[in-house]
Amino acid sequence: MQTEPRPGTLYIVATPIGNLEDMTFRAVRILQAVDMIAAEDTRHTGRLLQHFQVKTPQVSYYEHNSNSRIPELLEHLEYGKTIALVSDAGMPGISDPGYELIKACIDNNITVVPIPGASAVITALSAAGLPTDRFIFDGFLPGKSQKRQEYLTSLQGESRTLVFYESPHRLRDTLADLGEILGSDRSLVIARELTKLYEEFWRGTIAEGITHYQDKEPQGEYTLLVAGNPPSKPQLTETELKNELLSMIKQGISRSQASREIAKDTGLSRRYLYQLALTIELSS
């Protein structure tokens, strides 16, 4: 069913994540029919529009101009104009500043209509071979290692499949932190350059992934998928873990061996448990 764009409506239009053939007929029609297109990168989107012979004028909308641009776009919408929001790739609002505009429209009772299409999260999940009935998408992890490790620690007991985006220059550091915090034996899928000519799915453990990229230079855009912590394994609090470690140490077991044994039972990182063991003070 085809309908003309409704006045005063923001359309959230998905664009291809690589392969231009993934553009939908509906997306092209909406982009041709709206009054303007709010694009993350007008040069990048311009090439897409040229390919599909879309002549609709663009206006830039990205992270660093969103605060000043949102009031302008809201004014256009309130006067009955129609606007399509697009990102450089995939569904706008997913790990990009589109969320702020969408939220502002909702707060001002402006209709928001999604035009679905390609998404790297769902594309990667569909072919990863990890459980897809329940998953968590966490976008880009923190850039600094300490913050990244702290955040990953909060996900140690998570039983759902974990999905992250990562850039090539941080891939090795992130894999190292995944191994240290979540455990190097966790199943890992690395999806690279999805839908593009050099699309690749690598599957193995986190430890194997670290080894794989020791000699291979990371290139392209990455989606990382990590198996969740099996629900059957005990999910202890930090205090409970310390008590378990203390009990074993008092029996004459070394901190290193105690950490190894508990890591085997819980699926937690041995290094993380050993660091925890070092904080335990033994009474004389």
Side-chain angles (χ1 to χ4, degrees), residues 14-20 22 39-45 47-48 60-66 85-100 117-128 130 135-155 158 161-182 184 186-227:
T15 55
I17 58 176
N19 194 319
L20 290 179
D22 292 334
E40 187 175 2
D41 182 333
T42 54
R43 289 172 299 179
H44 178 90
T45 300
R47 291 190 289 272
L48 177 74
S60 65
Y61 173 81
Y62 54 95
E63 182 178 2
H64 298 298
N65 78 347
S66 59
L85 173 67
V86 301
S87 63
D88 287 349
M91 198 70 190
I94 309 298
S95 283
D96 75 23
Y99 161 77
E100 299 292 342
S119 167
V121 180
I122 303 304
T123 302
L125 269 169
S126 69
L130 294 176
F135 66 90
I136 288 180
F137 170 60
D138 249 311
F140 286 92
L141 288 165
K144 294 186 177 178
S145 184
Q146 183 178 344
K147 292 288 186 183
R148 187 165 56 241
Q149 289 181 4
E150 289 173 358
Y151 189 75
L152 288 172
T153 298
S154 72
L155 297 175
E158 179 55 62
T161 298
L162 307 171
V163 186
F164 310 104
Y165 288 156
E166 194 49 275
S167 58
H169 70 275
R170 278 208 307 257
L171 180 67
R172 287 171 174 159
D173 290 341
T174 293
L175 290 176
D177 287 340
L178 286 171
E180 180 176 343
I181 305 300
L182 299 184
S184 59
R186 287 267 192 118
S187 292
L188 168 73
V189 177
I190 302 175
R192 186 179 75 89
E193 295 291 89
L194 290 169
T195 78
K196 298 178 183 177
L197 181 62
Y198 296 105
E199 176 182 275
E200 176 185 44
F201 280 86
W202 181 94
R203 300 173 178 86
T205 64
I206 293 176
E208 291 167 341
I210 292 170
T211 301
H212 179 72
Y213 276 98
Q214 280 178 348
D215 300 320
K216 182 181 176 69
E217 189 66 29
Q219 293 181 328
E221 298 171 343
Y222 290 89
T223 302
L224 307 179
L225 305 100
V226 183

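When reading the values below, keep in mind they use all heavy atoms of this one structure, side chains included, and skip hydrogens, waters and symmetry mates.
Across all non-hydrogen atoms, the minimal contact from R186 to L182 is NE-O, 3.4 Å. Nearest heavy-atom pair, E208 versus W202, reported as atom, atom and distance to 0.1 Å: C-CH2, 3.6 Å. When all heavy atoms are compared, the tightest approach of P142 to K147 is CB-CB, 3.7 Å. For S187 against L130, the heavy-atom pair with the smallest separation is CB-CD2, 4.1 Å. Here the closest non-hydrogen pair linking I17 and K196 is O-CE, 3.5 Å. F140 approaches S167 most closely through the heavy-atom pair CE2-N, 4.1 Å.
Residues satisfying the side chain to side chain contact (heavy atoms under 4.5 Å, CB included) criterion with A124, sequence neighbours excluded, are A191, L194, T223, L225.
Between L152 and F164 the shortest side-chain heavy-atom distance falls below 4.5 Å. Looking at heavy atoms from C-beta onward, Q149 lies out of side-chain contact with Q146 at the 4.5 angstrom threshold. When side chains are defined from C-beta on, R170 does not count as touching Y222, because their heavy atoms never get closer than 4.5 Å. Between I122 and F135 there is a side-chain heavy-atom pair separated by less than 4.5 Å. Side chains of I94 and S87 form no contact here, defined as non-hydrogen atoms less than 4.5 Å apart. At least one side-chain heavy atom of L178 sits under 4.5 Å from a side-chain heavy atom of L224. Counting heavy atoms from C-beta on, the side chains of L175 and L188 come closer than 4.5 Å.
Remark: side-chain polar atoms of R203 are paired, donor with acceptor, to backbone N or O of A128 under 3.5 angstrom. Of the possible polar contacts, none joining the E40 side chain to the Y61 backbone as a donor-acceptor pair under 3.5 Å is found. With hydrogens and angles disregarded, a donor-acceptor distance shorter than 3.5 Å links the side chain of T195 to the backbone of N19.
Note: H44 NE2 to T15 OG1 = 6.5 Å, rounded to the nearest 0.5 Å. Separating the OG1 atom in T211 from the NZ atom in K216 is a distance of 14.5 Å, to the nearest 0.5 Å. Summarising the geometry, atom CG belonging to L48 is positioned 11.5 Å from atom CG belonging to D41; distances are rounded to the nearest 0.5 Å. A distance of 11.5 Å separates CZ in R192 from CZ in F201, rounded to the nearest 0.5 Å.
Between the side chains of D173 and S145, no donor N or O sits under 3.5 Å from an acceptor N or O. A donor-acceptor contact closer than 3.5 angstrom links the side chains of E166 and T174.
Just one of N65, T45, T42 meets the side chain to side chain donor-acceptor pair (under 3.5 Å) condition when paired with S60; it is N65.
In summary, R172 and E217 engage in a salt bridge, as defined by a charged side-chain N under 4.0 Å from a carboxylate O.
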